[in-house]
Amino acid sequence: AALPGPAPADWAQAPLDPAVRAVLVGFDEHFSYAKLCQALRYLLRGGPDCLLVGTNRDHRLPLEGGTAIPGTGCLVKAVETAAQREAFIVGKPNRYMFDCVASEFNIDPARTIMVGDRLDTDILMGNSCGLTTLLTLTGVTTLDEVKGHQESDCPARQSLVPDYYVDSIADLLPALGD
């Protein structure tokens, strides 16, 4: 929805739905100042009882040719900054998503592999859930970054090290044929 009226005082007077008890921030190609204002107003009205939920903290989404666009984490950070509180992240690297899937299906972590192209989301989640991890080098992560984490004595950096890596997900196709 557009901002009602030309001035900030007008924006603060727009009606709010009394049934809203949570603000969810996800990928939104139409994110706007009006939506940011509305999110803040719901969070202020509801106080700590109004949930602030984010889908993920990805700061960039890589595109072909080495370019990128801002990721959902940028939108989450905007709402967090305005509200002066932290969102509960339901997506990677939070294990919430894995726990939901594992509660629905019979998943044995020892027989499960997490494949991803980001250390700070995919690999971190896999490692924190006790999964085998496989990094594909087709995203934002480089092998030099992995080596830097691997050589570090810092436990937080060690949690970003995958068990295996491949240049491309296509490298797995021969193994899947067996």
Side-chain angles (χ1 to χ4, degrees), residues 1-105 107 114-129 131 133 135-136 138-142 145 148-149 154-157 159-160:
L3 291 170
D10 299 317
W11 308 339
Q13 300 304 317
L16 295 176
D17 183 337
V20 171
R21 307 227 3 211
V23 171
L24 172 65
V25 184
F27 183 81
D28 182 355
E29 63 189 60
H30 301 288
F31 187 79
S32 66
Y33 192 77
K35 290 180 179 183
L36 180 60
C37 289
Q38 190 173 17
L40 176 61
R41 290 186 61 228
Y42 277 117
L43 291 165
L44 290 175
R45 183 195 70 188
D49 292 333
C50 185
L51 299 176
L52 174 54
V53 179
T55 58
N56 64 72
R57 292 197 181 278
D58 291 5
H59 58 280
R60 268 190 233 144
L61 301 176
L63 302 174
E64 289 184 43
T67 63
I69 60 171
T72 302
C74 299
L75 308 182
V76 171
K77 185 57 93 176
V79 176
E80 286 178 330
T81 300
Q84 295 182 316
R85 62 191 258 202
E86 194 170 322
F88 176 72
I89 303 300
V90 295
K92 302 173 291 183
N94 189 319
R95 67 175 293 130
Y96 179 80
M97 182 189 323
F98 176 78
D99 290 341
C100 288
V101 172
S103 71
E104 194 69 28
F105 302 97
I107 294 178
M114 176 67 174
V115 179
D117 65 358
R118 297 181 76 104
L119 295 178
D120 62 341
T121 56
D122 306 318
I123 302 307
L124 179 58
M125 185 183 104
N127 286 339
S128 70
C129 294
L131 311 175
T133 54
L135 175 70
T136 64
T138 52
V140 297
T141 302
T142 66
E145 288 176 75
H149 292 306
C154 174
R157 290 188 68 190
S159 68
L160 300 174

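Residues: numbered from 1 along the sequence shown.
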- Item | Pairwise distance CG(L124) to CG(L119) - rounded to 0.5 angstrom | 9.0 Å

- Message: Measuring from atom OG1 of T138 to atom CD of E64, what distance do you get when rounded to the nearest 0.5 angstrom?
- Response: 10.5 Å

- Heavy-atom pair of closest approach, residues M114 and L131: CB-CD1, 4.0 Å

- Give the minimum heavy-atom separation between K35 and H30, together with the two atoms involved. NZ-O, 3.5 Å

- Can you measure from OG1 (T133) to CD1 (I123) and round to the nearest 0.5 angstrom? 4.5 Å

- Message: I'd like to know whether V53 forms a side chain to side chain contact (heavy atoms under 4.5 Å, CB included) with L24, so could you lay out the CA-CA distance, the side-chain angles of the two residues, the decisive distance to 0.1 Å, and finally the verdict.
- Response: CA-CA 5 Å; V53 179; L24 172 65; 3.7 Å; yes

- Got a sec, which residues hit ring-ring contact (aromatic ring centres under 6.0 Å, His included) with Y96, two or more places apart in sequence or on another chain? F88

- Message: Could you walk me through whether V115 and D122 satisfy the side chain to side chain contact (heavy atoms under 4.5 Å, CB included) test, starting with their C-alpha distance in whole Å, then the side-chain angles of each, then the deciding distance to 0.1 Å, before giving a yes or no?
- Response: CA-CA 7 Å; V115 179; D122 306 318; over 6 Å; no

- Note on the structure: Nearest heavy-atom contact between V79 and A39 is CG1-CB, 4.3 Å

- What is the minimum heavy-atom distance between A87 and G54, and which atoms define it? CB-N, 4.0 Å

- CG of L16 to CZ of R41: how many Å apart, nearest 0.5 Å? 4.0 Å

- What do you reckon, is CZ of R60 surrounded by more than 12 foreign heavy atoms closer than 6.0 Å? no

- Task: Only one of L52, V20, L51 passes side-chain contact (heavy atoms from CB on, under 4.5 Å) with L43; say which it is.
- Result: L52

- Please check if atom CZ in R21 has more than 12 non-hydrogen atoms from other residues, nucleotides or ligands closer than 6.0 Å. no

- Measure from the side-chain N and O atoms of D58 to the backbone N and O of G71, and report whether any donor-acceptor pair falls under 3.5 Å. no

- S159 to N127 - nearest heavy-atom pair and separation: O-ND2, 2.9 Å

- Item | Check: E145 side chain, T142 main-chain N or O, donor-acceptor pair, under 3.5 Å | yes

- Item | Derivation of the side chain to side chain contact (heavy atoms under 4.5 Å, CB included) call for R118 and K92 | CA-CA 10 Å; R118 297 181 76 104; K92 302 173 291 183; over 6 Å; no

- Heavy-atom pair of closest approach, residues Y42 and C50: O-SG, 3.7 Å

- Just by distance, do the side chain of N56 and the backbone of G91 share a donor-acceptor pair under 3.5 Å? no

- Kindly compute the distance separating CZ (R95) from OG (S128), expressed to the nearest 0.5 Å. 6.0 Å

- Task: Kindly write out the residues that satisfy side-chain contact (heavy atoms from CB on, under 4.5 Å) with T81, not counting sequence neighbours, or none if the list is empty.
- Result: K77

- Message: Would you compute the distance between atom CG of L160 and atom NE2 of H149 and round it to the nearest 0.5 angstrom?
- Response: 5.0 Å

